[in-house]
Engineer: 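Got a structure here, written out as structure tokens. Questions coming.
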Amino acid sequence: GAGVSQSPSNKVTEKGKDVELRCDPISGHTALYWYRQSLGQGLEFLIYFQGNSAPDKSGLPSDRFSAERTGGSVSTLTIQRTQQEDSAVYLCASSRTSGGAGELFFGEGSRLTVL
Amino acid sequence: SQQGEEDPQALSIQEGENATMNCSYKTSINNLQWYRQNSGRGLVHLILIRSNEREKHSGRLRVTLDTSKKSSSLLITASRAADTASYFCATVGGAQKLVFGQGTRLTINP
């Protein structure tokens with residue numbers, strides 16, 4: 001596609017439910033990042049996929065968070081047993097080059113609200 | 001952490017004035033990037049400066065990098081109301097991932 005696509009754009013869920021957020025990166029981009037942004041704050045790194053290498057999961061805040069990238073393309077971020085503090089905008093970005101050597105292209109984000 | 005920290009956190013100026021935002025970081029970097037975020041939107045890449053570069057220009061944007069002080073600045077000249085946004089610096093180091101600062105919220109008053 002023309003840009004990074006994220007879905008859903010908005011998700012409201014009840015505490016304790018699981019949610020899945022999807023990211024379609026730009027075709028051919030080998031690097032894919034997930035970030036979390038709380039209201040009015042900066043971006044918190046969550047996870048980084050690069051080609052077939054093992055992902056850098058060092059930013060995942062707890063074992064309730066997991067992510068996968070199938071076929072080197074689409075990625076899904078899963079949050080199990082959601083908590084109110086998980087409420088934030090989850091941003092996905094992809095890059096043609098590895099290791100942050102080039103610019104990142106961001107999606108519009110998925111806004112998660114946990115009631 | 002090599003996270004960048006922007007200064008000031010918020011900046012409000014009149015249209016036509018120049019806006020300067022600063023970024024400091026803690027560890028050695030490969031490059032430093034600046035991004036812009038309009039309210040409720042994703043981030044858009046503005047400019048990338050490599051560790052061996054000292055200054056870079058792009059239109060009304062001027063970025064400087066001082067690796068000895070571990071700092072960078074973003075200058076927007078002749079500001080316009082449409083420049084109102086949050087601006088973030090991001091650094092890339094040995095960990096090969098892009099780490100963002102907290103951002104500067106810039107408001108341009110018409």
Side-chain angles (χ1 to χ4, degrees), chain A residues 2-7 9-10 21 23-26 29-51 53-60 67 88-111 113, chain B residues 1-11 21 23-25 27-53 56 58 61 63 84-107:
Chain A
V4 177
S5 177
Q6 292 188 245
S7 60
S9 55
N10 278 287
L21 307 176
C23 174
D24 275 287
I26 294 173
H29 281 196
T30 59
L32 187 148
Y33 297 77
W34 282 99
Y35 291 90
R36 177 168 73 174
Q37 186 176 33
S38 300
L39 186 63
Q41 300 297 310
L43 275 69
E44 176 188 4
F45 168 79
L46 296 178
I47 188 168
Y48 163 51
F49 295 91
Q50 174 52 51
S53 302
D56 179 345
K57 304 179 180 181
S58 60
L60 294 178
V89 176
Y90 290 81
L91 291 163
C92 175
S94 70
S95 176
R96 183 164 46 86
T97 54
S98 63
E103 68 178 282
L104 265 59
F105 293 83
F106 280 83
E108 294 294 299
S110 291
R111 180 177 299 277
T113 303
Chain B
S1 166
Q2 65 184 46
Q3 183 179 34
E5 296 181 0
E6 287 89 345
D7 168 61
Q9 292 186 346
L11 178 63
M21 290 158 274
C23 170
S24 60
Y25 56 92
T27 61
S28 61
I29 60 171
N30 296 326
N31 70 59
L32 185 145
Q33 303 181 31
W34 284 91
Y35 286 79
R36 164 197 169 120
Q37 183 181 37
N38 284 35
S39 180
R41 306 297 297 274
L43 278 73
V44 175
H45 180 266
L46 293 177
I47 199 165
L48 180 154
I49 186 165
R50 293 184 170 77
S51 59
N52 62 351
E53 296 177 310
K56 205 162 183 180
S58 177
L61 305 181
V63 168
T84 294
S86 290
Y87 292 83
F88 295 87
C89 69
T91 54
V92 180
Q96 300 287 296
K97 64 191 180 193
L98 215 59
V99 179
F100 286 80
Q102 294 300 302
T104 292
R105 292 186 305 280
L106 176 65
T107 302

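Sequence lines set the chain letters: A, B, ... in the order given, protein chains first and strands last, and positions in each chain run from 1.
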Engineer: The criterion is salt bridge (charged side-chain N to carboxylate O under 4.0 Å, His left out); which residues satisfy it with A:R36, sequence neighbours excluded?
Structural biologist: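 Scan of A:R36 (salt bridge (charged side-chain N to carboxylate O under 4.0 Å, His left out), adjacent residues dropped) gives A:E44.
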Engineer: Is A:Q6 close to chain B through its backbone or its side chain, or both, or neither, when contacts mean heavy atoms under 4.5 Å?
Structural biologist: neither
Engineer: With a 6.0 Å cut-off (strictly less than), is the heavy-atom count around CZ of B:R36, excluding the residue itself, greater than 12?
Structural biologist: yes
Engineer: Using 0.5 Å steps for rounding, measure from the CD1 atom of B:I47 to the CD atom of A:E103.
Structural biologist: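 Here the rounded value is 11.5 Å.
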Engineer: Keeping the roles fixed (side chain from B:Q102, backbone from A:Q41), state whether a donor-acceptor pair exists under 3.5 Å.
Structural biologist: no
Engineer: Given heavy-atom pairs under 4.5 angstrom as the criterion, report whether the side chain, backbone, both or neither of A:Y35 touches chain B.
Structural biologist: side chain
Engineer: For B:E53, does the CD atom have more than 12 heavy-atom neighbours from other residues, nucleotides or ligands under 6.0 Å away?
Structural biologist: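 Yes - once you tally the heavy atoms of other residues, nucleotides and ligands closer than 6.0 Å, there are more than 12.
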Engineer: Using the test ring-ring contact (aromatic ring centres under 6.0 Å, His included), find all partners of B:Y35 that sit at least two apart in sequence or belong to another chain.
Structural biologist: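 If we apply the ring-ring contact (aromatic ring centres under 6.0 Å, His included) test to B:Y35, skipping adjacent residues, the hits are A:F106, B:H45, B:F100.
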Engineer: If you compare all heavy atoms of A:L91 against all heavy atoms of B:Q37, which two are closest, and at what distance to 0.1 Å?
Structural biologist: CD1-NE2, 4.3 Å
